[in-house]
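Accompanying notes for the structure given below.
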Number of protein chains: 2
Amino acid sequence: MSPVRVLLADDEHLIRGALAALLALEDDLLVVAEAASGPEALAMARAHRPDVAVLDLQMPGADGVSVATSLRAELPDCRTMIVTSHGRPGHLKRALAAGVRAFAPKTVSAQRLAELIRTVHAGGRYVDPELAADAISAGDSPLTAREAEVLELAGDGAPIAEIAERASLSQGTVRNYLSSAATKLGAENRHTAVRLARERGWV
Amino acid sequence: MSPVRVLLADDEHLIRGALAALLALEDDLLVVAEAASGPEALAMARAHRPDVAVLDLQMPGADGVSVATSLRAELPDCRTMIVTSHGRPGHLKRALAAGVRAFAPKTVSAQRLAELIRTVHAGGRYVDPELAADAISAGDSPLTAREAEVLELAGDGAPIAEIAERASLSQGTVRNYLSSAATKLGAENRHTAVRLARERGWV
DNA sequence: CGGGCCTCCTGACAAATGTCATCTCCGGTC
DNA sequence: GACCGGAGATGACATTTGTCAGGAGGCCCG
């Protein structure tokens with residue numbers, strides 16, 4: 001049986017190299033390409049057509065989820081999985097929506113990762129139980145689309161006037177949205193609201 | 001010549017294991033202990049007395065810098081170095097103040113890391129050039145001690161009243177400090193001021 | 001077709017925040 | 001002793017935000 005062709009994408013050279021070395025020990029896995037950024041990962045995937053793409057969540061250029069989205073469109077036969085350092089519930093949701101087959105934290109062992117690659121290649125799925133529990137307990141976002149959008153624009157502490165301009169809304173509307181979002185999140189002001197929404201993956 | 005005894009501390013099992021495997025290939029390096037958290041790293045260091053401790057910056061329990069501080073007190077012969085994913089200028093400053101001998105991002109190659117371990121063991125020092133440039137260009141904090149303290153308390157978006165209470169200051173004083181801090185940082189309000197100060201490592 | 005929800009808006013009001021001038025007290029320094 | 005900067009405070013003021021009430025239009029669903 002031919003080995004599983006794997007693409008590794010992670011901007012941390014240290015980890016990517018080490019990972020490649022460890023996976024090379026498994027004789028049914030073959031690392032055919034490595035990438036250090038989102039765009040590079042896409043280019044490598046086009047060139048080498050891997051069976052499974054192992055993507056880090058945070059990479060320069062484009063993050064793992066957007067790479068997965070592009071891959072799904074361009075190379076439907078390529079299964080994708082995300083490996084990440086800090087998994088927040090929102091990331092998991094976005095990843096699953098993008099058709100990612102597995103989502104695991106970097107606290108897993110290399111042995112386990114190799115198993116996951118095989119599972120994913122065989123068509124299986126996997127989600128880290130702890131992250132899944134977090135995502136479920138976080139529940140669905142109570143925010144409407146616009147509330148979330150405005151909250152996101154408020155992310156870097158910009159004043160209302162700037163948010164209104166960037167969202168092409170009136171200042172009053174922005175304040176109303178922020179107020180209702182803060183109420184829904186149980187926050188005292190929009191800044192803590194932003195923080196809470198981020199923690200729960202709602203922005 | 002006896003090999004360099006190395007302690008590896010990183011909460012990401014994947015990376016730690018992979019790293020251990022790669023360093024094992026170097027015949028002058030010997031990984032004598034691994035740890036997945038700050039306290040565990042300290043315990044391991046006490047038990048195995050490594051020559052060099054390679055510490056991740058972000059670990060559960062205690063971060064790399066505080067582990068380095070404790071190690072410096074308990075095992076002065078043990079050299080410490082920090083390896084991190086996202087290096088902010090402030091981290092670098094804190095690390096150097098804690099007596100860390102080397103500070104590198106995880107984007108370095110394993111080969112390079114092995115060299116760094118040797119350098120550190122030989123008494124040398126190393127700082128990633130890019131991080132060093134950032135730290136220098138960020139310059140020294142223009143904030144007074146109290147301004148920085150108040151700014152830090154403002155970090156999670158708490159209202160002035162709460163900051164004043166936690167700092168045992170009058171609300172007016174808090175507002176004055178926040179105002180002057182924001183002016184010094186060129187921010188429009190305290191929230192962006194907090195963000196800027198964090199980016200530059202001044203809090 | 002009526003009700004409910006979302007999207008926008010306006011206007012008004014209260015509370016929080018930013019800004020400024022000014023004061024005292026203290027420790028250092030010339 | 002005079003001067004300066006920082007810590008800490010007060011009071012006044014303008015601006016920004018948060019909150020509430022309400023209105024108009026649109027969409028979907030029973």
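Within every chain, numbering begins at 1; the chains are lettered A, B, ... in the order of the sequence lines, protein sequences first and strands thereafter.
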Whole-Å distance separating the NE2 atom of B:His191 from the C1' atom of C:dG18 = 11 Å
Do other residues, nucleotides or ligands put more than 12 heavy atoms under 6.0 Å from the CD atom of A:Glu188?
-> no
5' to 3' on DNA chain D, which nucleotides open and close the contacts with chain B (atom under 4.0 Å from a heavy atom)?
-> D:dA7 to D:dA12
For residues B:Glu147 and B:Tyr177, report the shortest heavy-atom separation together with the two atoms involved.
-> CG-O, 4.0 Å
Identify each donor-acceptor pair in which a side-chain atom of residues 30-44 of chain B lies under 3.5 Å from a protein atom, sequence neighbours left out, and give them as a table.
unit_1	atom_1	unit_2	atom_2	d
B:Glu34	OE1	B:Arg16	NH1	3.2
B:Ser37	OG	B:Glu40	N	3.3
B:Glu40	OE1	B:Ala36	N	3.2

Would the number of heavy atoms belonging to other residues, nucleotides or ligands and lying under 6.0 Å from CD of A:Glu74 be above 12?
-> yes
Between A:Thr173 and C:dC9, is there a side-chain N or O to OP1/OP2 distance below 4.0 Å?
-> yes
Just wondering, more than 12 heavy atoms not from A:Arg72 lying within 6.0 Å of its CZ?
-> no
Tell me: CD of A:Gln171 to P of C:dT10, nearest whole Å?
-> 10 Å
Separation of atom CG in A:Leu151 from atom P in C:dT7, rounded to whole Å | 14 Å
Would you classify A:Arg175 as touching base, sugar-phosphate or nothing, given that sugar-phosphate means primed atoms plus P, OP1 and OP2, and contacts are heavy atoms under 4.0 Å?
-> base
When you measure from every atom of DNA chain D, which of residues 177-190 of chain B have a heavy atom less than 4.0 Å away?
-> B:Tyr177
Difference in axis direction between the ends of the helix from C:dC1-D:dG30 to C:dC30-D:dG1, five pairs, 10° = 30°
Report yes if a donor N or O on one partner sits less than 3.5 Å from an acceptor N or O on the other, where the partners are the side chain of A:Asn176 and the base of C:dC8; otherwise report no.
-> no
Among A:Leu75, A:Val65, A:Leu71, A:Val120, side-chain contact (heavy atoms from CB on, under 4.5 Å) partner for A:Thr80 = A:Leu71
Partners passing side-chain hydrogen bond (donor to acceptor under 3.5 Å, both in side chains) against A:Thr69 (at least two apart in sequence or in another chain) = none
Applied to residues 57-68 of chain A, the side chain to side chain donor-acceptor pair (under 3.5 Å) test, sequence neighbours excluded, yields A:Gln58-A:His86, A:Asp63-A:Ser66, A:Asp63-A:Arg94
Nearest heavy-atom neighbours spanning B:Ala148 and B:Trp202 | CB-O, 4.2 Å
Pairwise 5' ranking along DNA chain D for B:Glu147 and B:Gly172, keeping only the more 5' one | B:Glu147
Donor-acceptor contact below 3.5 Å, side chain A:Arg5 vs main chain A:His48 | yes
A:Lys106/A:Asp56 under salt bridge (charged side-chain N to carboxylate O under 4.0 Å, His left out): CA gap, chis, key distance, verdict | CA-CA 9 Å; A:Lys106 280 185 181 169; A:Asp56 186 14; 3.6 Å; yes
